[in-house]
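Naming: A, B, ... by sequence-line order, numbering from 1 per chain. Bear in mind the structure is a predicted one, so any value in this text is a computation, not a measurement.
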Amino acid sequence: MIDPKVLRDQPDLVRAAQAKRGLSDSVVDEALAADTRRRAAIAAYEAKRSEQKSLGKQIPQAQGEEKQALLARTKDLSAEVKAAEAEQGEAEDAWDAALRAIPNLADEAAPAGGEDDYVVLEHVGTPRDFAAEGFEPRDHVELGRMLGAIDIERGAKVSGSRFYFLTGVGARLERALTNLAMDQAHAAGFTEAIAPSLVRPRAMEGTGFLGQAADDVYRIEGEDLYLVGTSEVPMAAYHSDEILDVASLPLRYAAFSPCFRKEAGSHGKDTKGIIRVHWFDKVEMFVYTTPDQAAAEHQRLLDWEKEFLDKLELSYRVIDTAAGDLGLSATRKFDCEAWIPTQGRYRELTSTSNCTEFQARRLDIRGRFESGPAPLATLNGTLCAMPRTIVAILETHQNADGSVTVPQALRPYLGGLEVLKPIAS
RNA sequence: GGAGGCGUCGCCUAGUCCGGUCUAUGGCGCCCGCCUGCUAAGCGGGUUUGGGUCAACAGCCCAUCGCGGGUUCAAAUCCCGCCGCCUCCGCCA
C-alpha cells in the first residue's frame with residue numbers, strides 16, 4: 001500500500017498519480033474520509049477504554065456501597081467500550097480496504113498512458129535477416145518438433161491447451177538455462193533459492209496479485225492455498241513480519257520455481273506454441289533494499305537481465321512501461337523484449353519492477369534504521385523464463401536444415417554441444 | 001491421518017492451576033553514562049512493536065503475552081476455534 005502520510009498530507013500527489021495510470025481519483029477521497037472516520041473512532045474508543053481501566057483498578061479496594069456503585073458504572077462502561085471497539089474495528093477495516101485499493105504511485109519518470117504508450121529505451125543487437133540469408137525461418141513449434149524438444153500435442157492430451165512437454169534437447173535446454181542463470185546470479189552475489197509455488201492468501205494479497213490480477217490466479221479447491229504466477233510471491237513473503245538489519249541489505253535472491261497462470265481473457269492470443277502457457281519454470285531475481293537505493297537497484301536488475309540475454313546472443317529492445325500498464329505494486333517497470341523472427345516483432349522475455357515500499361507495507365517487511373523501523377523497498381526481475389527464452393533461442397539461432405546453433409555461453413551447460421540437430425523422424 | 005506437548009517485549013526465562021497489586025519477572029546480549037593509564041570487571045540507566053493526541057523523534061494515552069472469537073466490572077491467566085513448532089504412531093516420494 002501507499003504511504004498513509006502521503007495520502008493525508010499530499011492527496012493531490014496521489015490524485016495526479018491515479019490520473020497518470022488512467023484511473024479515477026475517487027478512491028483518494030474515499031480513503032481520506034475513511035482516515036478521518038478511523039481516527040475519530042480510535043479517539044472515542046481509547047477514551048472509554050482508559051476510563052474503564054482506571055475504574056477497574058479501584059474495584060478490588062472498594063467496599064460495600066462504594067463497590068456496588070463502581071460495578072454498576074463499569075457494567076455500563078463495558079457495553080460502551082464494546083460498541084466503541086466495534087466501531088473502531090469497522091473504521092479500521094474500511095480504511096485498510098480503501099488504502100489497499102490504491103495502486104503504487106507511478107514513478108515521475110514512467111511514461112503516462114496505457115499499454116501502447118511505452119517508451120523504447122534502447123535496441124541491442126540487430127534482428128537476423130533471414131531473407132538475406134536466403135531461407136524462410138521455421139517457427140519454434142516446427143523446430144521443437146524436428147528437434148524432439150517440445151511436445152505440444154501430448155501436453156494438450158495430458159493437461160489441456162497451453163501445456164507442453166519439454167523432451168530431449170528441449171529438457172536439456174531448460175536445465176542448461178537454469179544453471180546458466182543461477183550461476184550468473186550466484187557470481188553476482190545472489191543467494192540461490194528454490195521457492196514453494198503454493199502459498200497462503202497473505203502472500204498472494206501482499207504482493208498485489210489478488211487485485212485486478214486475481215482472475216489469473218489458480219486457487220486450490222478446498223484449501224486456503226494459491227498457485228503462484230511467479231516466485232516473486234513466495235520471495236516477497238519470505239521476510240514478511242520481519243525487521244531486517246539495514247547493514248545486511250541489499251538481500252538479493254535468485255529463486256527458481258514453477259509458475260502458474262490462468263491467462264484469463266487471453267483466449268485466442270498466442271494459441272500456438274509455448275509463448276503463452278498455463279505453467280512454466282522461471283528463475284527470478286528478488287531484492288530487498290532501502291528505499292533510497294531502490295531506483296539504483298532497479299537499474300542493476302535491468303543490467304543483469306541484459307547480461308543474460310547478451311549471453312544468449314539474442315537481439316532485443318528495452319522498454320519503459322507506461323504507468324497504465326504497471327502492476328498494482330510497481331512504480332516503474334522495464335521489459336526486455338526479444339525479437340521473434342517468425343512473428344516479426346518483439347516479445348517480452350524479462351520484466352523488472354520497482355515496487356518501492358508498496359509490498360513491504362502490506363507484508364510488514366521493515367528495516368531497523370537509526371530513526372526507527374521503517375518499510376523497505378522490494379524489487380523483482382526475471383532472469384530466465386524458460387519457454388519464451390527457448391522460443392527466442394530456437395528461432396533466432398536456427399539454420400536452413402532445421403538445426404539450431406547453440407549460443408557460446410550455453411555450450412558448457414550442454415556438455416559442449418554446439419548444434420542441436422533434428423532427430424530422424 | 002491418530003495421540004500428546006508447546007507458543008511471553010532480540011535470545012533464554014518467571015507468571016497461567018486459584019482472573020484484579022502484571023504498569024509482565026530475572027538472566028544474556030545490545031546501547032548510553034560513571035569509574036579505571038587502556039581493556040576487562042564493577043556501578044547506574046535504557047532496550048517489543050504498532051497506533052492516537054501533539055509544533056514535537058517531549059509528554060500523555062490506547063493496543064500488543066502465536067492469531068481470532070467468547071465469558072467477566074476486569075483476561076498472559078478461564079472457555080471455544082484456528083495457525084505454527086516439537087515428540088511418538090501410521091502412511092509415503
task: Using both distances under 3.5 Å as the test, list the Watson-Crick or G-U wobble partner of B:rC38, or none.
output: none
- request: To the nearest Å, give me how far apart CD (A:E242) and P (B:rG10) are.
  value: 13 Å
message: Counting the atoms with a prime plus P, OP1 and OP2 as sugar-phosphate, which does A:R73 contact under 4.0 Å by heavy atoms, base, sugar-phosphate, or nothing?
response: nothing
Lys/Arg-Asp/Glu bridge criterion (N-O < 4.0 Å) met for A:D270, A:R347: yes
Test side-chain contact (heavy atoms from CB on, under 4.5 Å) applied to A:T396 - qualifying residues, sequence neighbours left out: A:L314, A:P341
Closest non-hydrogen atom pair between A:L302 and A:C336, with its separation: CD1-SG, 3.7 Å
field: Spacing between A:E370 atom CD and B:rC30 atom P, to the nearest angstrom
entry: 18 Å
- request: Respond yes when some side-chain nitrogen or oxygen of A:Q52 is under 4.0 Å from OP1 or OP2 of B:rC73, and no when none is.
  value: no
C1' spacing across the pair B:rU8 / B:rC65, given as an integer number of angstrom: 4 Å
task: Would you give a per-nucleotide map of nucleotides 55-71 of chain B, 5' to 3', where B means the base has a protein non-hydrogen atom under 4.0 Å away, S means only the sugar-phosphate does, and - means neither?
output: ------BBS-------S
message: Looking at A:R261 and A:E263, is there a salt bridge between them, counting it only when a charged N and a carboxylate O are closer than 4.0 Å?
response: no
task: Find the distance A:W95:CH2 to B:rG50:P and express it as a whole number of Å.
output: 13 Å
query: Taking the P atom of each, how far is B:rC86 from B:rU77, in whole Å?
result: 25 Å
query: With a 4.0 Å cut-off on heavy atoms, is A:R200 in touch with a base, just the backbone sugar-phosphate, or nothing at all?
result: sugar-phosphate
query: Can we say A:K272 and A:D139 salt-bridge, meaning some charged N sits less than 4.0 Å from an Asp/Glu carboxylate O?
result: yes
query: What interatomic distance, in whole Å, is found between P of B:rG68 and the corresponding atom of B:rG5?
result: 24 Å
Whole-angstrom distance between B:rG29 and B:rC12, as gauged at atom C1': 11 Å
task: Ignoring backbone atoms, establish whether A:S78 has a side-chain N or O less than 4.0 Å from OP1 or OP2 of B:rA74.
output: yes
field: Lys/Arg N to Asp/Glu carboxylate O, A:K333 vs A:D320, below 4.0 Å
entry: no
- request: For A:D96 and B:rG50, give me the distance from atom CG to atom P, rounded to whole Å.
  value: 16 Å
statement: Residues A:M1 and A:R362: closest non-hydrogen pair is N-CG, 3.2 Å
Exam field: side chain A:R162 to backbone A:R276, donor-acceptor pair closer than 3.5 Å: yes
- prompt: Could you give the CZ-to-P distance, from A:R368 to B:rG50, as a whole number of Å?
  reply: 9 Å
- request: Sort out the partner of B:rA63 for me: Watson-Crick or G-U wobble, both distances under 3.5 Å, none otherwise.
  value: B:rU49
field: A:L77 CG - B:rU72 C1' separation (whole Å)
entry: 14 Å
field: Pair A:F163 + A:H278: ring centers closer than 6.0 Å
entry: yes
message: For a quick check of understanding: with a heavy-atom distance under 4.0 Å over all strands, which category does A:R8 fall into, base, sugar-phosphate or nothing?
response: sugar-phosphate
message: Between B:rA14 and B:rC62, how many Å separate the two C1' atoms, rounded to a whole number?
response: 27 Å
message: When both hydrogen-bonding distances must be under 3.5 Å and the geometry is Watson-Crick or G-U wobble, what is B:rG20 paired with, if anything?
response: B:rC73
- prompt: Does any nucleotide pair with B:rG84 by Watson-Crick or G-U wobble geometry, both distances under 3.5 Å, and what is it?
  reply: B:rC6
- line: Nearest-nucleotide check on RNA chain B, A:T74 vs A:P373; residue mapping nearer the 5' end is A:P373
- prompt: Expressed in whole Å, how much space separates the P atoms belonging to B:rC11 and B:rC88?
  reply: 25 Å
- request: Quick one: look up who B:rG1 pairs with, Watson-Crick or G-U, both distances under 3.5 Å, and put none if it's unpaired.
  value: B:rC89
query: Would you say B:rG51 has OP1 or OP2 under 4.0 Å from some side-chain N or O of A:R39?
result: no
- request: Figure out the CG/P separation between A:L225 and B:rC82, and round it to whole Å.
  value: 17 Å
message: Please report the distance separating the C1' of B:rU36 from the corresponding atom of B:rC43, rounded so that it comes out in whole Å.
response: 12 Å
- prompt: Pick the nucleotide of RNA chain B nearest each of A:I42 and A:R366; which residue has the one closer to the 5' end?
  reply: A:R366
Whole-Å C1' distance, B:rG7 and B:rA76: 12 Å
Rounded interatomic separation in angstrom, taking CG from A:D241 and P from B:rG84: 14 Å
